[in-house]
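A quick write-up on the structure given underneath.
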There are 2 protein chains.
Amino acid sequence: MQPKRNTWQREAVRATLAEAHGFVSAQQLHQSLRDGGSTIGLATVYRNLAGLVETGEADSLQSPEGENLFRSCATQGHHHHLICRSCGDTRELSATVVEEWTQRVGAEHGFSEIEHVVDLFGLCARCRAARSA
Amino acid sequence: MQPKRNTWQREAVRATLAEAHGFVSAQQLHQSLRDGGSTIGLATVYRNLAGLVETGEADSLQSPEGENLFRSCATQGHHHHLICRSCGDTRELSATVVEEWTQRVGAEHGFSEIEHVVDLFGLCARCRAARSA
DNA sequence: CGTTATAGTGATAGCCGTTCTCATTTAGAA
DNA sequence: TTCTAAATGAGAACGGCTATCACTATAACG
Ligand SMILES: [Mn+2]
Ligand SMILES: [Mn+2]
Ligand SMILES: [Zn+2]
Ligand SMILES: [Zn+2]
């Protein structure tokens with residue numbers, strides 16, 4: 001395995017991702033960085049986000065619209081998310097019942113190498129209040 | 001609500017979708033139609049697929065690669081899928097435990113209007129056998 | 001230290017799935 | 001049959017993302 005060099009770009013992506021409240025897109029992150037005066041390129045943001053996902057430092061998921069979103073999660077291992085589709089506020093979830101269900105269903109149908117992505121999108125209490133105001 | 005006209009294009013999409021074994025993309029469906037001698041346009045395929053999804057005649061989901069896939073499902077109401085990522089073979093699933101978990105987690109965090117998409121991708125027994133052969 | 005090999009960067013072109021535009025066609029009511 | 005607007009389809013446009021490649025700068029090495 002080739003050594004990973006430490007660049008200020010990667011550190012900037014890491015830091016800005018950590019500051020974000022919820023899941024953000026690569027483009028949003030890039031814009032935040034540029035707004036903060038950085039000259040980082042968009043391709044570099046994509047590359048470093050992919051790298052952070054690979055090492056497990058960041059999580060990624062598809063939005064319902066098909067865009068890839070990223071987050072620096074507190075939980076280390078496999079977990080799920082409850083995400084406010086309005087403000088992006090995110091709660092990390094563990095779901096033993098879902099894991100078990102996945103395994104059982106896969107076995108029942110003779111499937112292996114089951115991949116499951118279970119992320120919930122909803123409207124948080126704060127955003128619901130703001131909407132009805 | 002404006003009346004829906006019956007076109008041979010819509011019927012062709014419906015029929016070809018019904019013939020497909022598993023989930024297919026709009027482009028795949030378009031290609032199948034053209035291969036069968038149809039002169040239907042790609043935009044029309046997209047439009048009619050969207051229409052069929054709206055009326056519940058077809059299901060749609062995102063592949064892990066982000067492409068939208070469509071299927072004419074036997075089950076009418078809300079359900080989930082177990083899909084072979086190699087041959088596309090699809091099993092329809094009901095998942096009471098997942099529904100309950102979704103509701104409970106949403107309530108616990110004060111979220112409403114929870115949207116959950118739970119589709120499992122795996123490798124079916126037949127494809128697993130073929131791979132090791 | 002300075003030198004150097006090369007991983008990393010970034011402007012930009014390209015890719016691919018999807019949607020939009022708009023002139024033309026056609027379903028279906030009258 | 002006539003008529004109107006829903007539907008179509010070729011192609012342009014869009015948006016997210018990846019590939020390209022000349023250039024930069026990290027960090028190993030002397
Ligand atoms: Mn899980
Ligand atoms: Mn469900
Ligand atoms: Zn919110
Ligand atoms: Zn299979």
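None of these values were measured; they are calculated from a predicted model. So that the names make sense, note that chain A is the first sequence line, chain B the second, and so on, each numbered from 1.
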**OP:** When you get a sec, tell me which of dA10(D), dG16(D), dG9(D) is the closest nucleotide to the side chain of T44(B)?
**Re:** dG9(D)
Original post:
How would nucleotides 23-30 of chain D be written as a contact map, 5' to 3', with B for base contact, S for sugar-phosphate-only contact and - for no contact, using protein heavy atoms under 4.0 Å?
Top reply: --BBS---
Original post:
For DNA chain D, whose closest nucleotide is more 5', that of Q27(A) or that of A43(A)?
Top reply: Q27(A)
**OP:** Side chain of I40(A) only, please: which of dG17(C), dG10(C), dA10(D) is the nearest?
**Re:** dG10(C)
Original post:
Which whole-number value in Å describes the distance from Q62(B) CD to dC17(D) P?
Top reply: 11 Å
Subject >> Value in whole Å for how far the C1' atom of dA7(D) lies from CD of E11(B) >> reply: 16 Å
Original post:
Between dC16(C) atom P and H30(B) atom NE2, what is the distance in whole Å?
Top reply: 17 Å
Original post:
Over how many whole Å does the gap from L29(B) atom CG to dT18(C) atom P extend?
Top reply: 12 Å
Subject >> Rounded interatomic separation in angstrom, taking CZ from R47(A) and P from dT12(C) >> reply: 15 Å
Original post:
Taking atom types as modelled, is there a side-chain donor on T7(B) or R10(B) under 3.5 Å from an acceptor on the other?
Top reply: no
Original post:
Between dT19(C) and Y46(B), is there an OP1 or OP2 to side-chain N/O distance shorter than 4.0 Å?
Top reply: no
Original post:
Rounded to whole angstroms, how far apart are CG on L33(B) and P on dG9(D)?
Top reply: 10 Å
**OP:** Round to the nearest Å and state the distance from L49(A) atom CG to dG10(C) atom P.
**Re:** 13 Å
Subject >> OP1 or OP2 of dG9(D) under 4.0 Å from side-chain N/O of Q9(B) >> reply: yes
**OP:** Please confirm whether F121(A) and H116(B) have ring centers closer than 6.0 angstrom.
**Re:** no
Subject >> Distance, rounded to the nearest Å, where L42(A) contributes CG and dA13(C) contributes C1' >> reply: 14 Å
Original post:
With side chains defined as the heavy atoms from C-beta onward, is the minimum distance between L93(A) and L120(A) less than 4.5 Å?
Top reply: yes
Original post:
Are any of the side-chain nitrogens in R71(B) or E92(B) under 4.0 Å away from the carboxylate oxygens of its partner?
Top reply: yes
Original post:
Are R128(A) and E113(B) close enough for a salt bridge, meaning some N to O gap below 4.0 Å?
Top reply: no
Original post:
So, H79(A) versus D59(A): side-chain donor-acceptor pair below 3.5 Å or not?
Top reply: yes
Original post:
Between E99(A) and H80(A), is any side-chain donor less than 3.5 angstrom from a side-chain acceptor?
Top reply: yes
Original post:
Looking only at side-chain N and O atoms, does N68(B) come under 4.0 Å of OP1 or OP2 in dT18(C)?
Top reply: yes
Original post:
At under 4.0 Å between heavy atoms, what does T39(B) touch on the DNA or RNA strands: base, sugar-phosphate, or nothing?
Top reply: sugar-phosphate
